[in-house]
Peer 1: 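Once you've had a glance at the structure underneath, I'll fire off some questions.
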Amino acid sequence: MDNTALSALLAATMIAGTPILFAAAGELLAERSGILNLGVEGMMLVGAAFGFICTLSTGNHWLGLLAALAGGGFMASIHGLITITLRGNQVVSGLALTIFGSGLSGFLGKSYQGAPMLFKFESLHVPVLGNIPFLGPVLFRHDPMVYLCILMAAAMWYLLYKTRWGLTIRSVGENPQAADAVGINVGRVRFLCTIVGGMMAGLGGAYISLVYAPTWQENMTAGRGWIAVALVIFALWNPSRAIIGAYLFGGIEALTFRLQTMGIHISSFFLAMFPYIATIVVLVLVTIRRRQDAGAPEALGLAYDREER
Amino acid sequence: MKLKKFTALILLAMLLSVFVVGCGNDAKTESEQPAEQSEAIKVGWVYIGVPGDYGWTYAHDQGRKYLEAEIPGVESIILENVPEGADAERSFEQLAQEGCSIIFGTSFGYGDAMLAVAEKYPDIKFMHATGLQTADNLSTYFGRIYQARYLSGMVAGAMTTNNQLGYVAAFPIPEVVRGINAFTLGAQSVNPDAKVKVVWTNTWFDPAKEKEAAKSLLEAGCDVIAQHQDTTEPQVAAEEAGKYCVGYNTDMHDFAPEGNLTSPIWNWGPYYVNTIQAVIDGTWASEAYWGGIDEEIVDLAPISDKVPAAIVEQVEAKKEALKSKQWDVFTGPIIAQDGTEKAAEGQVLTDTEMLSMDWFVAGVEGSL
């Protein structure tokens, strides 16, 4: 592989990793607060549909992003209502959310299928840096969303590990009883994290329908929501590892077709299952090494009821 | 607790209302001039996608509109987005019970469902696009799109500057393979050095994947992109890269105004008119129809003005040869990718050989 092909592959990796990272960072936040939300795929789809429809009807893609935030947040609030307020089963509610999201987005987007998107995000060409050979096209000639995404994930890391808020969120996810005892409103923190997580999933979806392939198509996220769920585990609930993982998984996606053009024939189905295999391998390795759980928040998936002991 | 129950109820009501609206919208009836015509005829349509795809389903829907304009008594009942498999059977059953005289199914995977329903309703006629199985009241119909692909390959072969053409291929099935081979032979007829690089997406409609596949071909140096899927994204990818492209299904020129050279297109309208007329006249009989460019079921979209007139003339000449049936695309000598001779000088592949094609011609870079 020559240099141009490699830089093109890496540039494609940055783009393919972006929607996954948006969604995974959001899911990571929710899981850190103790809420497992398997509805990422559904939230992404609703975000993608809202974003596309709003952009097409208003002609402004920033408004489209706002709509995607609202759509993802709305979906997550349903999950919050069921699992936090009503203390329902998180797995069941999350799965239902995925199915609901796929149906809702398909219904809303029906008349928009195949409509061409006229309002596109222009790629930035960072002056000076964009002209560096090799690194320029790989790192500095993308649309603003790519950079926003990295910033968000980095901010997430800072929030979780370097701020008081982060401590609050993590304590709620680890031991809600103790957090409650020191006066933290467990329900409120969890609700907030779930909704913000949903909003980020919505952004990830909108990235696909507005930037990656600017069009609307039913179920167009094509399993990226599940890759994001796997990525959170792969990253062992740490945003900085999630950044690396997102580009690793994105790189696999970008590699699929490029291997074919290079005449190397690895089945595309095999490459499609790589993220899940990698996640399982990481889980197994970590569990063996630590001889305990993989570092998941202690109270992940458990409803909190202050009257229960 | 009361409040929680209340919110839960509201939520449930919201969900239910969405489903009710969603279901009620499923079948839509479009009647042009109902009843007053003595020859009113109900026609059912089962689409794999939606007419808004600007691809396969769009082309069929254009055919339906043409039919309704030509034969005023036609009343259409359309089911969109019907998945292949067990669900499809219910859709055909539904149309049969709603009193359709003839039902069109537009995807390969409807075969078993159509066969089963056709058996149950012997008085209703069934038309299966791209299908293989026929019965007394079940016809199959398809067009020799490979002829149009050959012509589009001539255009692509003439316009490449580095002899590298790219082909975003759908599934490794004979229909797609035949298209790639025809495209390659067309390109080589004007440019013997032309090579066609193939990338499989294993999709019919996945805009993100198909765009990505086209981009990978562009990065690998291809300067004309052809496609088999029902999206317009490969065209968009070529346009963005400032390269040429060849569409499919419908004239995709508007999606890549600079780059699009032409598109092999479907023109179902006249065939639908003939079929319905035959039903009205009582002359309809089951058949396995595979019409060519001479019957105008397939055609080539207008060629871009960027293509030199001399090439356009050559393409027109070949098109006339195809129309006169003096010559067909797979006329020997045809050498396969592995060097074996598939057809000797002057020998023409039979329909059976073409319908089961599972090998590439020499000059295709890719594997099955």
Side-chain angles (χ1 to χ4, degrees), chain A residues 1 4-9 11-12 15-16 19 77-78 81-82 85-88 96 100 103-104 106-117 120 123 208-209 211-222 224 253-265 267-269 272, chain B residues 1 3-5 7-8 10-11 14-15 18-19 21-23 25 49-55 57-58 80-81 164 166 168-169 197-203 205-222 230-233 235-237 240 254-255 365-368:
Chain A
M1 194 180 339
T4 32
L6 184 63
S7 92
L9 170 67
I15 292 170
S77 66
I78 298 179
L81 197 69
I82 294 171
T85 316
L86 303 173
R87 291 194 284 276
F100 173 56
L104 178 67
F107 172 65
L108 291 174
K110 201 175 170 204
S111 52
Y112 295 89
Q113 286 210 9
M117 170 55 71
K120 289 179 183 166
S123 289
I208 297 171
S209 69
V211 188
Y212 196 44
T215 177
W216 167 252
Q217 156 66 6
E218 233 186 294
N219 288 330
M220 73 180 303
T221 53
R224 290 186 181 83
E253 198 184 316
L255 197 59
T256 317
F257 298 116
R258 285 168 182 82
L259 279 180
Q260 287 189 43
T261 61
M262 284 184 269
I264 302 167
H265 295 287
S267 165
S268 57
F269 296 107
Chain B
M1 203 60 208
L3 185 71
K4 279 172 201 162
K5 269 190 186 152
T7 22
I10 294 274
L11 204 68
M14 270 167 59
L15 285 177
V18 170
F19 287 131
V21 178
C23 298
N25 206 23
V50 289
D53 67 356
Y54 290 96
T57 302
Y58 177 79
E80 297 173 0
N81 250 339
Q164 281 284 3
V168 188
K197 232 183 226 299
V198 174
V199 163
W200 299 103
T201 61
N202 294 316
T203 58
F205 196 127
D206 182 340
K209 255 194 178 170
E210 287 144 22
K211 186 174 190 187
E212 199 54 30
K215 278 166 93 174
S216 74
L217 286 165
L218 290 161
E219 283 163 19
C222 300
D230 303 345
T231 39
T232 51
E233 288 303 314
Q235 308 292 306
V236 176
E240 283 173 1
D254 290 349
F255 295 93
E365 293 175 355
S367 69
L368 282 164

Peer 1: Using non-hydrogen atoms only, which part of B:Glu240 is less than 4.5 Å away from chain A: side chain, backbone, both, or neither?
Peer 2: side chain
Peer 1: Heavy-atom cut-off 4.5 Å, strictly under: side chain, backbone, both or neither for A:Ala222 against chain B?
Peer 2: side chain
Peer 1: Give, as side chain, backbone, both or neither, the part of B:Thr231 having an atom under 4.5 angstrom from any heavy atom of chain A.
Peer 2: neither
Peer 1: At a heavy-atom separation under 4.5 Å, does B:Ala220 approach chain A through its side chain, its backbone, both, or neither?
Peer 2: side chain
Peer 1: Which bit of B:Val236 comes within less than 4.5 Å of chain A, counting heavy atoms only: side chain, backbone, both or neither?
Peer 2: side chain
Peer 1: Taking 4.0 angstrom as the limit, do A:Lys110 and B:Glu80 come out as a salt bridge?
Peer 2: yes
Peer 1: Which residue in the set B:Glu210, B:Glu212, B:Glu219, B:Lys215 passes side chain to side chain contact (heavy atoms under 4.5 Å, CB included) when paired with A:Phe257?
Peer 2: B:Glu212
Peer 1: With a 4.5 Å cut-off on heavy-atom pairs, point out which of B:Cys222, B:Gly49, B:Ala208 contacts chain A the most.
Peer 2: B:Ala208
Peer 1: Which atoms form the tightest heavy-atom contact between A:Ala213 and B:Pro207, and what is the distance?
Peer 2: CB-C, 3.9 Å
Peer 1: Counting only non-hydrogen atoms closer than 4.5 Å, does B:Asp254 touch chain A with its backbone (N, CA, C, O), its side chain (CB onward), both, or neither?
Peer 2: neither
